[in-house]
Every structure is written in C-alpha cells, then in structure tokens.
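Working notes, beginning with the structure itself.
These numbers come from a predicted model, not from an experiment. For the single chain, residues carry numbers from 1 onward in sequence order.
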Amino acid sequence: MILAIIQLIKDVMNLDIKTIMIMNLIINVVATISIAIIWYYNKKRFAGVDLWVWCMFFQVAGVLLILLKGAIHDSLSILLSNVLLICSALILLVGLENFTNCKGKHTHNYIVIVLFILLRYYFTFIEPNLGFREIIMSGTIIIIHSQIFWLMFKRVPSSIRHMTLLTGIVSGGFVLASIFKLAMISGFDLQSNEFFKSGAINALTITMYITLNFCITISLILMINKRLLKDAEVQNEKFKKIFHSAPYAIAITELYEGKFLEANDSYVNMSGYQRSELIGKTGVELNMLTKEVREAVVSKLLKGEKIEKMEGEMRRKSGEVLMIIGSVQLIDIHGQLCMIGSHADITELKMAHQSRLNAMSDLISTIAHQWRQPLATLGMMIQRTHAVAHIKGITNEYIDAFKESAMSQIKYMSDTIDIFRGFYRPQKEKAPFSPLSCINDCVRLLEHQFANSKIQVYISSPSDYENQLINGFSSEFKQVILNLLGNARDAIEENFKSTNRVEEGVINIVIDVSFNGTMVIEIGDNGSGINDEIAQKIFAPYFTTKESSGGTGIGLYMSRMIIRDSLKGDITLIKSDKNKGATFRIELPIAIEPQIEEFKPMEQQI
C-alpha cells in the first residue's frame with residue numbers, strides 16, 4: 001500500500017503542470033455547474049449559496065487565465081488570475097458565514113487582499129521571482145482557510161456542527177497543503193522562474209489543491225443535503241405539532257381503499273375512536289359514513305372538483321350522529337394518492353339554528369294570537385260605527401270615543417311588533433340587560449295565549465330589580481324564558497286534559513339575589529310535572545316527549561347551552577311532582593353589583 005502511494009506521488013510529480021491545470025479547469029467547471037444547480041433549487045431557502053457559485057466561477061476564471069499565459073498579458077495570466085483564486089477563497093468564507101448565520105467583519109481580509117496584490121505585482125513586474133510569488137500565495141491561502149476552519153469547527157452553533165465538520169476538515173487540508181508547499185519551497189529551489197516549468201514541487205502541491213477543490217465541492221453538496229434533511233425534520237415536527245394541535249378534526253386516508261393513515265387529536269376526540277382503532281381501517285368499516293357518501297367524495301376529487309365547506313353526517317363510536325362541515329383535498333404521499341380532510345362539528349350550531357327557527361315560528365304564532373283579538377275588536381267597532389251611522393247618525397262624542405278606542409288597539413298591536421323586533425335585533429357585543437324587563441316582555445307576548453288557556457302569571461321581585469343587570473345577549477335570554485314559559489303552558493294544558501281539572505293554571509316567577517351576588521330566577525308551574533326517569537334526560541339533545549305535536553327536543557338543550565356558555569350561569573330542574581308541576585332555577589352572575597335593600601315582595605298579576 002505504501003509503495004503504491006509512493007509510486008502515485010512519483011507519477012504525479014512527473015506530470016506536466018499544464019496538463020494538471022487543464023484537469024484543474026475541468027474539475028472546477030464541473031464543480032461550478034454542480035453548485036449552480038444546488039443554488040438554483042435552493043436560492044430562496046438558504047443564504048450564501050449564491051456566493052459559493054461566484055467562488056467556483058472565480059476559480060474557473062483564474063485557472064483559465066493561467067492556462068492562457070503567453071497568449072495574454074502577464075498582468076492577466078499571473079496577477080489577475082491569482083487575485084481571482086484568492087478572492088474565491090474569501091467569497092467562500094463569506095458565503096459559509098451567511099449559510100450558517102455567523103456573519104463577521106472582514107476588514108483585515110480586505111487588507112490582506114490589498115497586500116497580496118501589491119506583493120504579487122512587485123514580484124511579477126518589478127523583481128520577478130516565482131518562489132516569492134508562491135510563498136505569498138500559500139501564506140494568503142493559510143490565512144483565509146484557517147478562518148474557514150475556525151468557522152466550521154468553533155463559530156457555528158453546536159446544533160449544526162455535524163453539518164459543517166467535513167467542510168472544516170477540507171479547509172484544514174488546504175492549510176496543511178499550503179504549509180507543506182511553504183516547507184518544500186524553503187527547502188528546495190524551484191527548477192525555473194516559469195510557472196509551467198517550475199518542476200515537481202508545484203506539480204505535487206497543485207495536484208493536492210485540485211483534490212481539495214474536488215473535496216470541498218463534495219463537502220458543500222453534503223452540507224446542503226444535511227441541511228435539507230434537518231429542515232425536513234423540523235418541518236415534519238412543525239407539521240406534527242400543527243396537525244395534532246389544530247382545533248379542526250383532520251384525517252389523512254388513502255384515496256382508493258379509504259384506510260386511515262393518520263388522524264389528529266381533534267379527529268380522535270370527535271370520532272370517539274382511539275388512534276390505534278382508526279389507523280388501517282376505513283370509515284365505512286367503522287360505520288362512520290356510508291359507502292355511497294365516500295364514493296361520491298372520491299368521484300368529485302377525481303373529476304377535479306373542489307370539496308369545500310361540504311356538510312354531512314358522521315357517526316361516532318357511541319352511535320351518536322354528528323353534523324359536520326369539512327373540506328377535502330388530494331395529496332400525494334410517496335407516490336400514493338391520498339385525501340386530507342379537515343372537519344368541524346357543527347351539531348350545536350345546527351341545533352341553535354333550528355332552535356332559533358322554532359322560536360321564530362313560535363313568536364310569529366304568538367303575534368298572530370296577539371293580533372287576532374285587537375283586529376276582531378277593530379272589526380266590531382267599524383261594523384258598529386257603520387250601523388250607528390245609518391240608524392241615528394254619528395255625534396262628535398262618538399267619533400272621539402271611536403278614535404280613542406281604535407288607537408288603543410293599534411298601539412297595542414304596535415307595541416307587540418316592537419317587542420317582537422327586540423327579540424331578533426342583531427347584537428354585535430354582549431351588553432348589560434335587565435332580566436326582569438326581558439321576562440316582562442316575554443309574558444306580554446304570551447298573555448293572550450295564557451288568557452285563552454286560563455293561566456295566570458305572577459312575577460315576584462324586589463322593587464329595584466329592574467336595575468339589576470346581567471351581561472350578555474338579551475335576545476338569547478328571552479329565547480330561554482319563552483321556551484320555559486311555553487313548556488309550562490304545555491304542561492298545564494296537558495294536566496288539565498288528563499285530570500279534567502277546572503281550576504286556573506298558575507306560573508310563578510320569583511327573582512332574588514343570593515349572598516354571593518348571583519341572581520336566582522325560579523319559574524314554576526302547577527302542570528303535569530316531570531317524572532324522575534324523564535327528568536334525567538330533559539337537557540339532552542333531541543330528547544322530547546312531544547313527538548306527536550312536532551317537538552324537536554332541542555329547546556331545553558339550547559336553553560342550558562345559552563345559560564352556561566353565553567351567560568356563564570346555570571339552569572337546573574329543582575322540583576317536579578306529578579300533577580303538581582315543575583320548577584326550573586336559573587342562576588346568573590350579576591354584571592353590576594347591586595345595592596342590597598330590604599326585600600319587599602311585590603306581586604304583579606298579568
């Protein structure tokens with residue numbers, strides 16, 4: 001092995017320097033093209049790579065000018081060529097600093113470059129001496145590549161030092177090769193003052209530089225690859241964190257087979273399955289969706305159609321059916337077409353919307369009830385006025401009385417409209433409101449229905465409770481009160497039918513403030529009551545005992561959601577006796593601390 005190395009060195013030393021420089025030119029051209037390709041694909045990703053391209057270009061230009069010696073002026077082939085080679089090393093240093101984000105000052109290097117040019121000029125044109133020129137060249141290479149070595153081994157952060165290690169070793173090789181050249185020039189005279197005839201020492205050191213140039217190109221490419229792998233790991237880690245912490249339920253499935261490849265935590269929670277139960281299975285196998293729905297989605301994607309904000313159903317592991325809205329896109333994973341879908345549970349939104357529609361329907365029905373009597377009254381008044389006019393004529397007093405009575409009925413109808421508008425006037429922000437005022441509005445809306453059903457409503461509260469305020473949306477609170485009053489009316493009517501009772505129905509509304517500053521509202525009735533089995537389910541979604549009358553089972557569920565989520569309070573069933581009625585309690589935090597006065601009950605019959 002040693003003999004083979006010695007023989008190789010002898011062969012190299014016998015090579016013609018011009019041949020070696022041609023080899024150097026070819027290797028530098030290949031290196032320039034390689035680094036240029038790397039730069040083209042990473043120019044927006046990594047800083048400094050563009051400077052590497054310039055470094056390689058300067059080396060090609062420098063070697064080419066040396067090879068043109070004799071055909072061009074010595075200022076180009078001897079002076080400019082070597083300046084380009086030294087500048088390429090400095091450009092490499094700056095590029096590596098930018099790449100590793102370890103920028104430094106280079107004033108001393110600029111001084112070194114200026115001194116290099118002056119000395120090179122002196123020993124080229126004033127006192128020509130190839131030996132001194134080579135010593136200056138080697139010394140400058142040592143200065144610059146020592147800085148690259150220190151940068152790669154010491155200045156860069158320890159987290160990326162494994163990437164820069166090889167480039168640092170190659171830079172150290174340049175330093176050692178230059179020291180070796182200095183030692184050889186000091187110990188042995190060059191054979192000629194002509195570069196191409198300078199002999200074995202230059203041939204050997206140039207060959208070493210060529211080898212190192214090739215190695216540094218490889219090290220730069222490997223450093224880029226390691227950086228890409230590191231960035232890929234970082235991106236993968238970011239994706240995992242974003243994927244699993246996203247508030248939307250996200251899942252990745254195979255396009256054709258439909259097997260789950262990945263699902264984030266939100267999807268796991270929404271589906272009710274463990275991740276291990278999902279991976280490798282299909283949504284159809286798990287009965288989460290039907291085969292027809294899946295095939296329709298796949299068909300749309302293959303046709304290039306977008307699937308955005310598409311509504312559908314998903315069955316949880318428990319069997320509960322959720323309303324979801326989602327978007328699905330195609331994604332290529334290692335050459336395999338997959339679907340990535342993001343979904344949101346809109347069950348509560350849908351229920352809230354349905355509840356609002358139901359409340360709107362009830363209110364419209366209420367308006368019809370409210371208007372029927374004043375309209376009938378107005379009709380009778382007009383008919384009576386017409387008859388009186390034909391029989392005995394109309395006096396001014398009669399006209400005045402007719403006007404006053406008619407305007408009273410019209411005002412009543414107008415007030416009803418104002419109350420109705422207050423229910424669904426858009427509210428952008430939460431604001432303090434009076435629960436007592438809201439309750440009074442709700443009772444006024446239903447008073448004719450209560451009168452027709454022989455139901456009396458009693459509101460008991462301290463005299464100053466009109467000023468006790470709750471923070472939130474008053475329209476939502478009214479929706480809760482209307483729902484409770486409607487349920488109480490239905491329970492009283494049902495009790496009358498089942499027991500043939502003839503006494504009047506009663507709804508008691510009691511408002512008070514507890515010692516901890518919480519407003520307590522109790523709404524009780526003397527209706528049919530709620531048995532224990534049903535009492536445990538009344539706040540569950542879609543649970544209803546009124547299927548025959550079109551009940552949806554979302555009224556009390558939405559009422560609890562409004563009280564808890566929007567008004568930050570609570571609602572509970574506190575008492576229920578068969579044929580004696582039920583009482584609901586609402587507890588709400590007061591927005592403005594009340595001035596507690598002596599409690600003076602006041603009964604207000606409507």
Are any non-hydrogen side-chain atoms of Phe174 and Tyr209 less than 4.5 angstrom apart? yes
Determine the minimum heavy-atom distance between Ser171 and Ile148, stating which atoms define it. OG-CG2, 2.8 Å
Within-4.5 Å side-chain heavy-atom neighbours: Leu92 and Ile144: no
Checking Ser219 against Thr167: is there a side-chain donor and acceptor pair closer than 3.5 Å? yes
Checking side chain to side chain donor-acceptor pair (under 3.5 Å) between Glu97 and each of Arg155, Gln147, Lys103, which is the one that passes? Arg155
Can we call the ring centroids of Tyr41 and Phe46 under 6.0 Å apart? no
Under 6.0 Å between ring centres: does that hold for Phe149 and Phe153? yes
Decide side chain to side chain contact (heavy atoms under 4.5 Å, CB included) for Tyr273 and Met288; before the verdict, give the C-alpha distance in whole Å, the side-chain angles of both, and the deciding distance to 0.1 Å. CA-CA 10 Å; Tyr273 290 93; Met288 296 172 67; 3.9 Å; yes
Residue pair Val156 / Met152: nearest heavy atoms and the distance that separates them: CG2-O, 3.4 Å
Taking all heavy atoms of Ile224 and all of Val49, pick out the closest pair and write down the distance. CD1-CG2, 3.8 Å
In residues 54-67, what donor-acceptor pairs under 3.5 Å come from side-chain atoms, sequence neighbours left out?
residue: Gln59; atom: OE1; partner: Asn213; partner atom: ND2; Å: 3.3

Do side-chain atoms of Arg133 reach the backbone of Leu119 as a donor and acceptor pair under 3.5 angstrom? no
Inspect the surroundings of CG in Asp565 and state if more than 12 heavy atoms from other residues, nucleotides or ligands are less than 6.0 Å away. yes
Would a 4.5 Å heavy-atom cut-off, applied to side chains only, mark Met137 and Leu85 as touching? yes
Look at atom NZ of Lys306 and say whether more than 12 heavy atoms of other residues, nucleotides or ligands are closer to it than 6.0 Å. no
Closest approach of Pro157 and Cys102, non-hydrogen atoms and distance? CD-SG, 3.8 Å
Donor-acceptor pair, distance only, cut-off 3.5 Å: does the side chain of Asn264 make one with the backbone of Tyr267? yes
May I ask you to test the Arg275-Phe260 pair for a side-chain heavy-atom distance under 4.5 Å? no
With sequence neighbours excluded, residues passing ring pair (Phe, Tyr, Trp, His ring centres under 6.0 Å) with Phe214: none
Test your reading of the model: is there a side-chain donor-acceptor pair from Thr164 to the backbone of Arg161, 3.5 Å cut-off? yes
Does Lys281, at its NZ atom, have more than 12 non-hydrogen atoms belonging to other residues, nucleotides or ligands within less than 6.0 Å? no
Any side-chain to backbone donor/acceptor pair from Arg316 onto Met270? Under 3.5 Å, distance only. yes
Examine the side chains of Asp265 and Asn269 and answer whether a donor and an acceptor come within less than 3.5 Å of each other. no
Leu567 side, atom CG; Lys430 side, atom NZ - distance, nearest 0.5 Å: 6.5 Å
Can you name the nearest heavy-atom pair linking Phe473 to Ser566, along with the distance? CD1-OG, 3.8 Å
Under a 4.5 Å cut-off applied to non-hydrogen side-chain atoms, are Asn471 and Phe433 in contact? no
May I ask you to test the Ile136-Phe116 pair for a side-chain heavy-atom distance under 4.5 Å? yes
Mind checking what makes side chain to side chain donor-acceptor pair (under 3.5 Å) contact with Tyr256, not counting sequence neighbours? none
How long is the span from the CG atom in Leu322 to the CD atom in Glu313, to the nearest 0.5 Å? 9.5 Å
For the CD1 atom of Ile216 and the CD1 atom of Ile35, what is their distance to the nearest 0.5 Å? 9.5 Å
Verify, without hydrogens or angle tests, whether Arg315 (side chain) and Gly319 (backbone) share a donor-acceptor contact under 3.5 angstrom. yes
Indicate every side-chain donor-acceptor pair of residues 323-344 with a distance under 3.5 Å to a residue at least two apart or in another chain.
residue: Ser327; atom: OG; partner: Lys309; partner atom: N; Å: 3.2
residue: Asp332; atom: OD1; partner: Gly335; partner atom: N; Å: 2.8
residue: Gln336; atom: NE2; partner: Glu254; partner atom: OE2; Å: 3.3

For Gly131 and Asn129, the nearest pair of non-hydrogen atoms, with its separation, is N-OD1, 3.0 Å
Which is it for Met314 and Val321 under the side chain to side chain contact (heavy atoms under 4.5 Å, CB included) test, yes or no, and what are the steps along the way? CA-CA 6 Å; Met314 185 179 91; Val321 176; over 6 Å; no
Do the side chain of Glu285 and the main chain of Thr282 share a donor and acceptor less than 3.5 angstrom apart? yes
Quick one: CG on Asp50 to CD1 on Ile91, what's the gap to the nearest 0.5 Å? 10.5 Å
Verdict with reasoning, Leu93 to His106, per side chain to side chain contact (heavy atoms under 4.5 Å, CB included): CA-CA 10 Å; Leu93 170 61; His106 293 282; 3.6 Å; yes
Using the test side chain to side chain donor-acceptor pair (under 3.5 Å), find all partners of Asn98 that sit at least two apart in sequence or belong to another chain. none
Counterpart residues, side-chain contact (heavy atoms from CB on, under 4.5 Å), relative to Lys238 (two or more places apart): Val234, Gln235
Begin from the C-alpha positions of Lys303 and Lys300 and carry the test side chain to side chain contact (heavy atoms under 4.5 Å, CB included) through to its verdict. CA-CA 5 Å; Lys303 290 177 182 177; Lys300 283 187 176 182; 5.8 Å; no
Counting only heavy atoms not in Tyr121, do more than 12 fall under 6.0 Å of its OH? no
Strictly distance-based, threshold 3.5 Å: is any side-chain N or O of Ser271 a donor or acceptor partner for the main-chain N or O of Val268? yes
So do Leu90 and Ile86 actually touch side chain to side chain, heavy atoms under 4.5 Å? no
Nearest 0.5 angstrom please: Ile210 CD1 to Cys215 SG, how far? 12.0 Å
Distance check, rounded to the nearest 0.5 Å: Leu182 atom CG versus Ile141 atom CD1? 9.5 Å
Asn24 side-chain N/O to Ile20 backbone N/O, donor-acceptor pair under 3.5 Å: no
Side chain to side chain, Phe125 and Ile78, heavy atoms closer than 4.5 Å: no
